[in-house]
Engineer: 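This is the structure I want to talk about, given as structure tokens.
Remember, predicted model here, so these are calculated numbers, not experimental data. A, B, ... follow the sequence lines: proteins, then strands. Residue 1 opens every chain.
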There are 2 protein chains.
Amino acid sequence: MTSQTELQPAPERLQVTTLQPQSRATLADVGRLAGVSSKTVSRVVLDSGNVSKDTRDKVLAAARSLRFRPNHLARNLRHGSVTNTVAFIIGDLTNPFYFLVAAGIERELARHGLMMILAATDDDPASEERVVQNLLDQRVRALLMVPIAADQGYLEGERQLGTPVVCIDRPARNLIADSVVLGSFEATAEAVRGLIRAGHRRIAFVCSPAALYTHQERLRGYRQALREAGVLDSSPWERLENPGGPTAEESVRDLLAMSEPPTAIIAGNNHASLGVVRALGNHFDRLAFIGFDDFELADALGISVIAYDPAELGRRAAQLVIARLNDLIGPPQQIEIATHLIHRGSGELLVPRDQ
Amino acid sequence: MTSQTELQPAPERLQVTTLQPQSRATLADVGRLAGVSSKTVSRVVLDSGNVSKDTRDKVLAAARSLRFRPNHLARNLRHGSVTNTVAFIIGDLTNPFYFLVAAGIERELARHGLMMILAATDDDPASEERVVQNLLDQRVRALLMVPIAADQGYLEGERQLGTPVVCIDRPARNLIADSVVLGSFEATAEAVRGLIRAGHRRIAFVCSPAALYTHQERLRGYRQALREAGVLDSSPWERLENPGGPTAEESVRDLLAMSEPPTAIIAGNNHASLGVVRALGNHFDRLAFIGFDDFELADALGISVIAYDPAELGRRAAQLVIARLNDLIGPPQQIEIATHLIHRGSGELLVPRDQ
DNA sequence: CTGTTAGCGCATTCAA
DNA sequence: TTGAATGCGCTAACAG
């Protein structure tokens, strides 16, 4: 990649042929109509005092008749060129989980007069830096991101310029940044311990993609609980698939066909849970089942899950951004969102009699 | 509301105390270092020719060493003050349907160097205008919206200024604007006709909220098909609830408890479908069931649905925006997205023998 | 091939 | 209480 390419801004494929049949009124236009200077209009619009009631009324009348609207761009250019927007960068826009996170972010940002730009990397680690750079060129005020690239070190310069970066769901690598994550390790370990207390020993773990931080954490928790119970080798029941490999559904069918099939199963994320449901069909009593992430209809189907509020993830992350924007000082924070096990039946099944 | 309030921009609660420890390099900075004028740097950055290879290399080296990044804000201020952002305004951010639409929009916009700002009105018609005005003050380039207010006439002035407005899922009122909608009427009528051919006559329709354009269209289609079959009064089986009223699940339970219960049911949207599933429990063979909107696990549960691609809705809407941005001429368009009935079993149940 | 001038819309500094 | 000058970062239009 040449530095030329580095410098290229977002491809400006749209010509600015917006030949506006009419143009927007400016402070000067309003001032002309009201017979005052643009600065006086500015004072009225900003309500920054020192304007006589008389002038004020004249200006407001003129502003209304011209349909004047302040130009935030120009306003912000004046003080250091920032917008009122914060970016949220996700890998896969179609995952309902991130949508709920985005909803939490949007709500919190809106409370503080900030808007959310949603951007996607299409789960392509290589595109993360490009997307981020593009957003920074648009002068977003802060970055919220679910890191996907192996390394976020490229953001170090930006951080020094004062742009807050908050990572969601996974911590950043090679970058000092705040993050908001789940207690995946402990939550999974605790769920598995429950299964063990119910008598299970052959407990499977299904999840994909294997490489994700969260999935690795959950795998660690799963192994930890099994180790505590004396099960030292769980590898026969671990199915962490990679993109292109078998689906969760296929993995479960495969597990069920074993000569010594598992008596319980943990799904590492919502996607894997759906695979389990599909594989089990109507035979939910065939084995105990706990999924990580709540999902639509899990209640109706009686499926126990490790749940938490995705919107809370977003809300907390947005709060961190706002705190940083108001005061850059302070060490990076790592916030952990609480999870809790919802008992709906599937996770409470005991080991079948004949085992 | 005083005009003062009208003029107030988004509450600027954040102080710009971003005391940047270091500041961003500008064209002039790069020029100084490279020993050329800022205009020459601009030419290099824009790759607009007329720069000797020698100068070019010097400039690129300087730009890189200063970590120069072009300021799109200033650039755009120069040509009429617009950003590279397009707003998508939704009522309820947590509805997975709109999320998929948003994904389609984001993808299409990104292909053209535009970014998507996602904004929510929290299903409050009164907040629509405020949210829109705020976005316009930030100079978004176009508006994509799921209209919720009773009237979009307040956008007329903006339209004349050349800002494209594209409505999604429902047409605008009192405003000339493009729209992308579903063929709700015909799709529902056709689904009901199928049930009638299978012998059904007592067919219920469950949906909420009642007031929505799409839901009214679907109701019309439902009634039309019944009328064709000689069922002139379907009111006993129509359950269009309003916010605060019974849930879809409750409506279905109520229907099932009738002395002459329906033998088939149409759910007017994905939310109503979930209610039906919950109410039916495991007794999916109790009546025929077709839902409008596909939903997660509908395949696993064997539920027939009227399906379409939500991302396609977004994609087409974004394409309209881009077309308008490039050429404002042409009459408003109304695009209809195709729907198709997916047969999964639940919609193919015949009328029970004893009826 | 390169530089100068000017101005986008606004708000800060300083004067009146 | 009001206004004039200035500059934010960038790029058209016009020199040279």
Engineer: Separation of His72(B) atom NE2 from dC8(D) atom C1', in whole Å?
Structural biologist: 17 Å

Engineer: What integer distance in Å separates Arg24(B):CZ from dC8(D):P?
Structural biologist: 16 Å

Engineer: Please list, pair by pair, any protein nitrogen or oxygen found under 3.5 Å from a nitrogen or oxygen in nucleotides 11-15 of chain D.
Structural biologist:
residue	atom	partner	partner atom	Å
dT11(D)	OP1	Arg75(B)	NE	2.5
dT11(D)	OP1	Arg75(B)	NH2	3.3
dT11(D)	OP2	Ser42(B)	OG	2.9
dT11(D)	O2	Arg78(B)	NE	3.0
dT11(D)	O2	Arg78(B)	NH2	3.3

Engineer: I want to check one thing: is the phosphate of dG9(D), taken as OP1 and OP2, less than 4.0 Å away from some side-chain N or O of Thr26(B)?
Structural biologist: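 Checking dG9(D) against Thr26(B), no side-chain N or O comes under 4.0 Å of OP1 or OP2.
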
Engineer: What residues form a side-chain contact (heavy atoms from CB on, under 4.5 Å) with Asp124(A), not counting sequence neighbours?
Structural biologist: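 Scan of Asp124(A) (side-chain contact (heavy atoms from CB on, under 4.5 Å), adjacent residues dropped) gives Ala126(A), Ser127(A).
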
Engineer: Hey, is the main chain of Thr163(A) close enough, under 3.5 Å, to the side chain of Glu158(A) for a donor-acceptor pair?
Structural biologist: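 Answer holds: no.
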
Engineer: Angle, rounded to 10°, between the helical axes spanning five pairs at each terminus of the helix from dC1(C)-dG16(D) to dA16(C)-dT1(D)?
Structural biologist: 40°

Engineer: Which nucleotide span of DNA chain C, 5' end to 3' end, has atoms closer than 4.0 Å to non-hydrogen atoms of chain A?
Structural biologist: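 The contact span of chain A on DNA chain C goes from dG9(C) to dT12(C).
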
Engineer: Atom CG of Asp137(A) to atom P of dC10(D): distance rounded to whole Å?
Structural biologist: 10 Å

Engineer: Distance check needed: dG9(D) P versus Leu66(B) CG, whole Å only.
Structural biologist: 14 Å

Engineer: Could you list the residues that satisfy side-chain contact (heavy atoms from CB on, under 4.5 Å) with Thr55(A), not counting sequence neighbours?
Structural biologist: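 Checked Thr55(A) against side-chain contact (heavy atoms from CB on, under 4.5 Å); matches are Val36(A), Thr40(A), Val51(A), Ser52(A), Val59(A).
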
Engineer: Below the 4.0 Å mark, does dG9(D) have OP1 or OP2 next to a side-chain nitrogen or oxygen of Asn71(B)?
Structural biologist: no

Engineer: Please figure out whether Val51(B) or Ala28(A) has its closest DNA chain C nucleotide nearer the 5' end.
Structural biologist: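 With Ala28(A) and Val51(B) compared, the 5'-side residue is Val51(B).
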
Engineer: I'd like to check the side-chain contact (heavy atoms from CB on, under 4.5 Å) partners of Arg315(B); sequence neighbours left out, ordered by chain and number.
Structural biologist: Glu108(B), Glu312(B), Gln319(B)

Engineer: Under 3.5 Å, which donor-acceptor pairs link side chains of residues 164-174 of chain B to any protein atom two or more places apart or in another chain?
Structural biologist:
residue	atom	partner	partner atom	Å
Arg170(B)	NE	Pro147(B)	O	2.8
Arg170(B)	NH2	Pro147(B)	O	3.0
Asn174(B)	ND2	Asp151(B)	OD2	2.8

Engineer: Take the protein atom CG of Asp47(A) and the nucleotide atom C1' of dT1(D), then report the distance between them rounded to whole Å.
Structural biologist: 15 Å

Engineer: Excluding sequence neighbours, so at least two apart, what forms salt bridge (charged side-chain N to carboxylate O under 4.0 Å, His left out) with Arg130(A)?
Structural biologist: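 In terms of salt bridge (charged side-chain N to carboxylate O under 4.0 Å, His left out), with neighbours along the sequence ignored, Arg130(A) is linked to no residue.
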
Engineer: List the residues meeting salt bridge (charged side-chain N to carboxylate O under 4.0 Å, His left out) with Arg43(B), not counting sequence neighbours, and say none if there are none.
Structural biologist: none

Engineer: Could Lys53(B) and Asp57(B) be called an ion pair, given the rule that one side-chain N must be under 4.0 Å from one carboxylate O?
Structural biologist: yes

Engineer: Sequence neighbours left out, what passes salt bridge (charged side-chain N to carboxylate O under 4.0 Å, His left out) with Glu156(A)? Give chain and number order.
Structural biologist: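 For Glu156(A), the residues satisfying salt bridge (charged side-chain N to carboxylate O under 4.0 Å, His left out) (neighbours in sequence not counted) are Arg159(A).
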
Engineer: Does dT1(D) have OP1 or OP2 under 4.0 Å away from a side-chain N or O of Thr55(A)?
Structural biologist: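 Thr55(A) to dT1(D) OP1/OP2: no side-chain N or O under 4.0 Å.
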
Engineer: Listed by chain and number, what are the side-chain contact (heavy atoms from CB on, under 4.5 Å) partners of Ser42(A), not counting sequence neighbours?
Structural biologist: Leu27(A), Lys39(A), Leu46(A)

Engineer: List the residues meeting salt bridge (charged side-chain N to carboxylate O under 4.0 Å, His left out) with Arg139(A), not counting sequence neighbours, and say none if there are none.
Structural biologist: none

